[in-house]
Amino acid sequence: MWSELRDLREGQDLGTPPRGGEPVALVVDGKPVTVPAGSSVMLAAAAGSCPVPKLCATDTLEAFGSCRVCLVEIQGRKGYPAACTTLVEPGMVVTTQSPRLHELRQGVVELYLSDFPQEDVPGGWSELHETLQQVGVASHPYGQGENHLQAPVDESNPYFLFDPAKCIVCSRCVRACEEIQGTFALTIQGRGFASQVAASQGERFLDSECVSCGACVQACPTQSLVEKSLFVGGYHRAQPPKA
Amino acid sequence: MPNPRKPDGSLVTTCAYCGVGCGFKAETIGGEIVRMIPWKEGKANHGHACVKGRFAFDYYQHPDRVRTPMIRSSIDQPWREVSWDAAIAHAAAEMQRIQAQHGRGSVGAVSSSRCTNEEIFLMQKFARVALRNNNIDNCSRICHSPTQFGLSATLGAGAASQHFDSVLQADVILVVGANPTEGHPVFGSMLKRRVRQGAKLLVVDPRRTETAESAHCKATVHLALRPGTNVLVLNSLAHVVVTEGLHDAAFIAARCHPAEFEQWRALVADARYAPEVVGPEASLDPADIRAAARVYAKAKRSTIYYGLGVTEHSQGSTGVMCLGNLALACGMLGREGVGVNPLRGQGNVQGGSCLGSWPHMLSGYRFVTDDAVRATFEQDWRLSLDPEPGLRLPNMFDAALAGTFKAIYIQGEDPVQSDPNQNHIVAAMKAMECVIVQDLFLNETAKYAHVFLPGSSSLEKNGTFTNAERRVSMVRKVVPPLAGLEDWEITVKLINAMGYPLHYDHPSQILDEVARLSPAYQGMSFALIERCGSVQWPCNPQAPEGTEVLHTQTFPRGKANFMLTGYVPTTERIDERHPLLLTTGRILSQYNVGTQTRRTGNVAWHDEDLLDIHRQDAEARGIRDGDLVAISSRYGETRLHARISDKVSPGVLYTTFHFAQSKANAVTSDLSDWATNCPEYKVTAVEVAKVPATAPASARARAGAKA
C-alpha cells in the first residue's frame, strides 16, 4: 500500500499504480527495464521512456482495460494485450510501436472522435488531446452518426460541470469516486451506446451523494468533467462550423 | 470556446483548512488563482482533496475582504480608514497607555491556527518581548488543549504518534468522538479505503455519523453513547481488557511503569466500570462494549483516532488519558498501524501548540517557570522574561469583566462566534478599552474592536504549517497580500512600535529562530523542507529528515505513564426544564465559524445550521421537519430550523456552528475541562420548543428575501 501512494510523482503518469514488489527485468522496445513485481507492462514502458498511449489508465487508479488504446505486442503471446492490465514477467519482451499497433490505435481513437465535438479537437490541452497527438489523429473518417453532442450539460455543482458530449465513458471518474474518495456516488448507467456517467440514480451532481471532492474532475482525461473557473463568462458549446 | 483556459503558473502550497494539511498546486492565469489541484507528492494527501481545499478558495478575493487598516475611538463609532503606520502607531500607543495605567498584565494576545508557524511564533514573542508578560494563548485552548495535556501525561508527547499513511497498516481502527469523513475528509477517505480492504472499524460517537456507516464502510461496533459519558465508556473498555486478561504484559513490563499499571488496573477493574453497569448509564448494550474492547485488544495492529468529541468535555483531558492508557495496556504504540492520534481541527493548530503560544509554555513545550529554559530565550532575545505564567484565553475574558484586563490583540480568530457562552464573551469584549482584531473579514469579534488590521490569507504569504501528523509543509505566496502586508509583517511592525527592535528579511529567518530555540524543530529549515517536500518533527541530528512514528524504542520520558482516570460526571445535567442534551460539530462543506467558506460556493450544500432532532423528541413537542424551534439552555437561547434525523438518538440534539446568526454558542455552557479549560461544547442540557409561525423572520426567511 505504500508504493501506490508514496511513489506517485507530480508531472508524471505511470499509467497504473506503482508497486513495491521484488525487481523484475524485462525488455521494452529493445531496452532493458527493471520494475517491481506487480507492475503493469504500461508502467514498465513509462519507466523505460517508451510511454504507451492511453485514455482509461492513470497511476492513481487500478487498471481497468476499457479504452483499448494501450495495446502492445508481447513475444510469445497471441493478439494485442492491453499494457495496463498485463503484469510484467521476468524476461518478457514487449513492443510498443509497430505499424500494426499504430493502425489499431488510430482505429480506436478515430472511433472515439466520431462522438466528440470536432470543434474542440484543435486547441485543447486535455489528456485526450495528448493521446491524439501521440497517435497522430486529428479527425475521423466517419459521417455524422448517432452521437451525444446535444446531451444536456450538468452545471449544477458550483465548481465543476459535466459535458457528456466530451465523455468517452472510460470510467475514470467512477473509479476515482470509489477507489480514492470512497463515496461511490457515480456509476455508468445503461449499456452499449446508451452507456453514460450518472451521479447516483441519474440525479444532477448537486442532488446526488457527490461530496464534491474533485477526484472525478482530476481523473477525467477529456475535460468532460472540468472546473468552471477555467471558463470566462460561462460554458458555451462551440457551434459546429457551417457547411 | 469550449476548451478551457490553460493555467500559465503553478506553485505548490499547503491547504489551511483542516489538520490534514493537504499539498496543493495553486494554478494561476495572469496572476489570478483559477484552480487548486491536489499535489500528487503531498505526503498527507497523495493527490486527493476535499471540497474545501480543492474548490473553496475564492474567499481570498471576496468583496468583503478588508483592504485598509481602520480605527475608531469606541465601538458605537463608524470605522475610519487610516494608513498602516497610523494604525500600528495607534494600536501600540493604546496598549502602552493601558499597561501604564492598569499594569503590565492588563493586555494580552491570541494567535491564530490559520496563520503560519512563523506568525504564531512571532505572536508569542510579541507577548513576551513587547507586552513583557505571558498573556498569550491559542485557539487549541478551545479544541485540543486536553490532547497536549493528556498525551503528554501518558505518552510524554502531546501529538499524534503516527503519520496518516500508518492507518493503511491497521487491522482495527478505533474512532472516538470524530467524524473524519466530514471533518478531515482526505484522511477519512484513506480510513474508508483501509476498511474496504478488510480492517475492522470501531466508532464511539453519540451520532450515527457518516464515518460509522456509509457505502462500503460500516463500523463493526458503533457505541452511540450518551454525550458526557466518554470516560465512563473508555474505562469500561479498559475494564474488559484487564479483567479478561487481554492486556500486553510484555509491552507493559518493558515500556511502562509496572507499579502505575497495577494502580490503573485496580481502578478500571472496579465493578463500577463493568459493561453491565456502564451500559445503562451510557445508553449502550454491555455486549457491544465487550465486543469493542475485544476487537481492539486482540488485533495485531489497532490504532486510535480521536477528535473534539473526546476533548471538549469537563473531563476532556481525562478522556485523552484513557486513550493513552488503553493503547499502552494493549501494546498498541511504537509501530506502524497502531498509535493514538488526535485529528486536529485547523490547518496549523499543531503549530499553534508547538510554538509557545501558551501562557505557561515557551516553544517546544517548555515551561516559562523553568529558569534554564527562560535563559535560552533571554539570551537569544536579549531581555529578561516574565517567569509568571500568563492568563489563559477564558481567564482573559473573566479578567476583562473583573476590570483588570483591558486590551487584547487577536490574530485570525473570532472568539465571539467560536467561544462558549457567547453572552459572557460579548460582555467581556465590551468591557475592554482596546480590542485589536487582525483578520481577513470584519468578523463577529470585530464588532467590538477599536483597531482592525487587515490580514492576509494563506495564499498571500510565505511560511510553514504543521499538520496533525507533525508534518511541517511549505506555505507559499501565490498572490500578493490584498492589504499589502503578510500577517508576520504586521506583528513585526507592532513589536517595533512597542519599542522592541526586530527585523526579518524573510519568514525563513523566523523558522531558523524557532529551530534554534525548540528541540523538536531543531533541524528544520526552509531549505530542508524544500528538499524533502515536508518534514515531520522531531527533526534533529538523530532524525535529520524527521520522524514518522513516535515512541518506537522509548518514550520521551523513558517509560510511559498510566494515569488514573476515575469518571466524574459533568455537572451539566438534564433536568425537567432542560431534558435534552445538545452536542455540536461541523460539516464537510463548511469550516469552523465559516468566515471563509460562507463566502464561497460551498453554501450550495449548507447555507444554514440546522438542529438535528430524533423523531420521538420532535413528536413529543409537536415539531415537524423544517419548523423553526427555540433552543434554550441555562445560559442562553437561540433559534434554528429543525431537521428530523435518525442520526441522533432520542434525548440527543445536534447542530453545527458555521453561521453567526445561528448563535450556537449562545446556548453552550461555560463549563470546561478540569485541567486545560477547554470548553465543554459537546454537552449542553437544553429544551426545544416550536416557535409560533408569527415569530420574527427566521434565517431561512431572510435568505429567501435576499434571493
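Keep in mind that the numbers below use all heavy atoms, side chains included, and drop hydrogens, waters and symmetry copies.
Defined by atom type and a distance below 3.5 Å, a donor-acceptor pair is present between the side-chain atoms of B:S189 and A:Q181. Side-chain N/O atoms of B:T181 and B:E210 include a donor and acceptor closer than 3.5 Å. Counted by atom type alone, B:S166 and B:Q169 present zero donor-acceptor pairs between their side chains at under 3.5 Å. Side chains of A:E178 and B:H216: no donor on one and acceptor on the other come within 3.5 Å. Between the side chains of B:R471 and B:S534, at least one donor N or O sits under 3.5 Å from an acceptor N or O. Inspection of the A:S224 and A:D163 side chains reveals no N or O donor paired with an N or O acceptor under 3.5 Å. Side-chain contact annotation: A:N157 with A:S212, donor-acceptor N/O pair under 3.5 Å present. For B:N602 and B:T597, the side-chain atoms include no donor-acceptor pair closer than 3.5 Å.
Residue A:E227 touches chain B through its side chain alone, counting heavy-atom pairs closer than 4.5 Å. At a 4.5 Å heavy-atom cutoff, the contact between B:K192 and chain A is made by side-chain atoms alone. With a threshold of 4.5 angstrom between heavy atoms, B:S589 does not approach chain A through any atom at all. At a 4.5 Å heavy-atom cutoff, A:D7 makes no contact with chain B through either its backbone or its side chain. At a 4.5 Å heavy-atom cutoff, A:E209 makes no contact with chain B through either its backbone or its side chain. Only the backbone of A:P122 comes within less than 4.5 Å of a heavy atom in chain B; its side chain stays farther off. Proximity to chain B (any heavy atom under 4.5 Å) is shown, for A:Q218, by both the backbone and the side chain. Within the 4.5 angstrom heavy-atom criterion, no atom of B:E32 approaches chain A. Residue contact with chain B, scored on non-hydrogen atoms closer than 4.5 Å, involves the backbone and the side chain of A:V211 alike. Of the two parts of B:K25, only the side chain, counted from C-beta on, holds a non-hydrogen atom closer than 4.5 Å to a non-hydrogen atom of chain A.
The candidate from A:V226, A:D59, A:T60 with the greatest count of non-hydrogen atom pairs under 4.5 Å with chain B is A:D59. Listed options A:G11, A:P158, A:S156, A:P117 were ranked by heavy-atom pairs under 4.5 angstrom with chain B; first place goes to A:P158. Of the listed residues (B:V603, B:I33, B:V34, B:V12), the greatest number of heavy-atom pairs within a distance under 4.5 Å of chain A belongs to B:V34.
Annotation: the span from B:L610 atom CG to B:I587 atom CD1 amounts to 8.0 Å, rounded to 0.5 Å.
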